[in-house]
Amino acid sequence: MKRTILVTGSSGLIGSAAVEHFDRQGHKVIGVDNNMRRVFFGPGGDTLWNLARLKDATKNFVHADVDIRDRAAIDSLFAAHRFDLIVHCAAQPSHDKARDIPLVDFEVNALGTINLLEATRQRCPEAVFVFLSTNKVYGDAPNEIPVKELATRYDYTRPEDYDGVDESCRIDRTLHSLFGASKAAADLVAQEYGRYFGMKVGIFRGGCLTGPAHSAVELHGFLSYVVKVALAGGSYSVFGYKGKQVRDNIHSHDVVRAIEEFAANPRTGEVYNMGGGRENSISVLEAIDRVGQLTGRKLDWRYVDQARKGDHICYISNLGKFKSHYPNWKITRGLDAILEEMVEAQRAQSTVK
Ligand SMILES: NC(=O)c1ccc[n+]([C@@H]2O[C@H](COP(=O)([O-])OP(=O)(O)OC[C@H]3O[C@@H](n4cnc5c(N)ncnc54)[C@H](O)[C@@H]3O)[C@@H](O)[C@H]2O)c1
């Protein structure tokens, strides 16, 4: 059945992957993006190249240059289309950036999210709403899990932690960064629209979401920024924990497939951790090494002996809950496949320039 789908943050990494996926299936896709990533991060964060690519690659995609903070504009959009699915990816996505722009960060992440939830409740309450939240809602609570130091990474000590952090991790009384706090506010409000109003809302708490369509910058987009620096030049800074901090990485395609599974069998106000899991986990040191092998270039990097405030020492998403609710879903892109695709995309981009 042909559906009408709203994707916010449609020129970004996850939004653009969602647009392409649902457009390919013949649905009508409306994308909202005002290129605010450029405002946050400067020219390196500009997403217009991705918007131009999407326009070429799609059939039924319509772009709206709307700011999600603009409640009247959002309401007009919801009055003009009756959405079946809302995939909410627009955000100020950086931990560190939020420190410089606390009010804008909160307005985009928290107010923008409730604007969309309320428009959904008023105009299409039966629609499915998926909110891209973050593992930063746990603040630094995951750092309380005991870890051991190995040659190139930290890892959990206790066998019961092997599969990573699950959704029972607490989200308050921890250090979040302002970004984590604004996303936690949005995460709670989204849960409430599910639990209180009975709406079909799913909340995905992302680990490192990754893929070739990231407009990577130092403050956001870990793996693709390592690849970018390796191939396009510049220097990479590693902050604290000897570079042994661990991230789990999931390809944008697998995130979109998870959204699709949830939309087909939605629940009300359910929260899921969404990352690459243990198999797709890598430390910063290991990533630098692997990217060096794949590109044949030695990355120019330096160590800064101060960890980012609230940074996770070892974060692996436990995917057990999502897999048990949606057994058709699995990770389809391993780390090497992710990295090889990124290297290819970065090489293509450098050639175009
Ligand atoms: N990439 C990650 O590693 C990661 C990890 C955890 C959670 N997330 C979350 O997943 C979601 C998608 O992340 P992403 O990596 O695709 O981010 P992204 O920055 O690539 O995409 C977000 C898009 O939203 C747009 N945008 C920002 N403010 C807007 C506004 N006020 N109005 C309209 N558009 C606006 C930006 O221009 C950008 O294109 C975000 O909510 C992010 O917090 C991402």
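Count residues from 1 along the sequence. First listed ligand is number 1; within each ligand, the first listed atom is number 1. These values consider heavy atoms only, across backbone and side chains, with no hydrogens, waters or symmetry-generated copies.
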Would you mind checking if [Y] and [X] are paired as a salt bridge, meaning a charged N to carboxylate O distance below 4.0 Å?
{"X": "Arg205", "Y": "Asp187", "result": "yes"}
{"X": "Glu340", "Y": "Arg290", "result": "no"}
{"X": "Arg257", "Y": "Glu260", "result": "yes"}
{"X": "Glu118", "Y": "Arg71", "result": "no"}

Show me which atoms of ligand 1 lie under 4.0 Å from any heavy atom of [X].
{"X": "Thr47", "value": "39 (O)"}
{"X": "Pro93", "value": "19 (O)"}
{"X": "Ser11", "value": "39 (O)"}
{"X": "Cys89", "value": "11 (C), 12 (C), 22 (C), 40 (C), 41 (O)"}
{"X": "Asn35", "value": "37 (O)"}
{"X": "Lys183", "value": "40 (C), 41 (O), 42 (C), 43 (O)"}
{"X": "Cys208", "value": "3 (O)"}
{"X": "Ile14", "value": "16 (O)"}

Mode of [X] contact toward ligand 1 - side chain, backbone, both, neither (heavy atoms, under 4.0 Å):
{"X": "Leu13", "value": "both"}
{"X": "Arg38", "value": "neither"}
{"X": "Val66", "value": "backbone"}

Of the protein's non-hydrogen atoms, which lies at the shortest distance from [atom], and what is that distance?
{"atom": "atom 27 (C) of ligand 1", "answer": "Ala91 O, 3.4 Å"}
{"atom": "atom 29 (C) of ligand 1", "answer": "Asn34 OD1, 3.4 Å"}
{"atom": "atom 19 (O) of ligand 1", "answer": "Arg37 NH1, 2.7 Å"}
{"atom": "atom 28 (N) of ligand 1", "answer": "Met36 CB, 3.4 Å"}
{"atom": "atom 10 (O) of ligand 1", "answer": "Leu132 CB, 3.5 Å"}
{"atom": "atom 17 (O) of ligand 1", "answer": "His220 CE1, 4.0 Å"}

Stacked cation flag Arg278 on Tyr162, 6.0 angstrom / 45 deg:
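Here Arg278 passes the 6.0 Å and 45° test against Tyr162.
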
Kindly indicate whether a cation-pi arrangement holds for Lys97 with Phe40, taking the cut-offs as under 6.0 Å to the six-membered ring centre and within 45° of the axis.
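So Lys97 doesn't make the cation-pi contact.
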
I want to know if ligand 1 touches [X] in the polar sense, i.e. an N/O pair below 3.5 angstrom.
{"X": "His214", "answer": "yes"}
{"X": "Ile68", "answer": "yes"}
{"X": "Gly15", "answer": "no"}
{"X": "Gln92", "answer": "no"}
{"X": "Asp33", "answer": "yes"}

Students often mix this up, so state it plainly: with edges at 30° and 60°, are the rings of Tyr138 and Tyr315 parallel, tilted or perpendicular?
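The rings of Tyr138 and Tyr315 lie parallel, inter-plane angle below 30°.
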
Specify whether His63 and Phe61 have parallel, tilted or perpendicular ring planes, treating 30° as the upper limit for parallel and 60° as the lower limit for perpendicular.
tilted

Give a yes/no on ligand 1: does [X] have at least one heavy atom closer than 4.0 angstrom to it?
{"X": "Lys136", "value": "no"}
{"X": "Ser133", "value": "yes"}
{"X": "Gly207", "value": "yes"}

Shared ILVMFWY cluster between [X] and [Y], side chains joined below 4.5 angstrom?
{"X": "Phe106", "Y": "Met36", "result": "no"}
{"X": "Val189", "Y": "Phe131", "result": "yes"}
{"X": "Ile68", "Y": "Val39", "result": "yes"}
{"X": "Val19", "Y": "Ile259", "result": "yes"}

If you take the centroid of each ring, where Trp contributes its six-membered ring, are Phe83 and Phe78 closer together than 6.0 Å?
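For Phe78 and Phe83, the ring centres are under 6.0 Å apart.
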
Any chance the rings of His325 and Tyr272 have centres within less than 6.0 Å?
yes

If you take the nearest heavy atom of each of Gly211, Gly12, Gly112, which one is closest to atom 21 (O) of ligand 1?
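Comparing heavy atoms across Gly211, Gly12, Gly112, the nearest one to atom 21 (O) of ligand 1 lies in Gly12.
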
Would you mind finding which of Thr134, Leu209, Asp67 brings a heavy atom closest to atom 8 (N) of ligand 1?
Leu209

Of Ile331, Asn280, Leu319, the residue whose pairing with Ile250 passes side chain to side chain contact (heavy atoms under 4.5 Å, CB included)
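Option passing the side chain to side chain contact (heavy atoms under 4.5 Å, CB included) with Ile250: Ile331.
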
Take Phe322 and Phe262 through the test ring pair (Phe, Tyr, Trp, His ring centres under 6.0 Å) and record every step on the way to the result.
CA-CA 9 Å; Phe322 192 80; Phe262 180 86; 7.7 Å; no

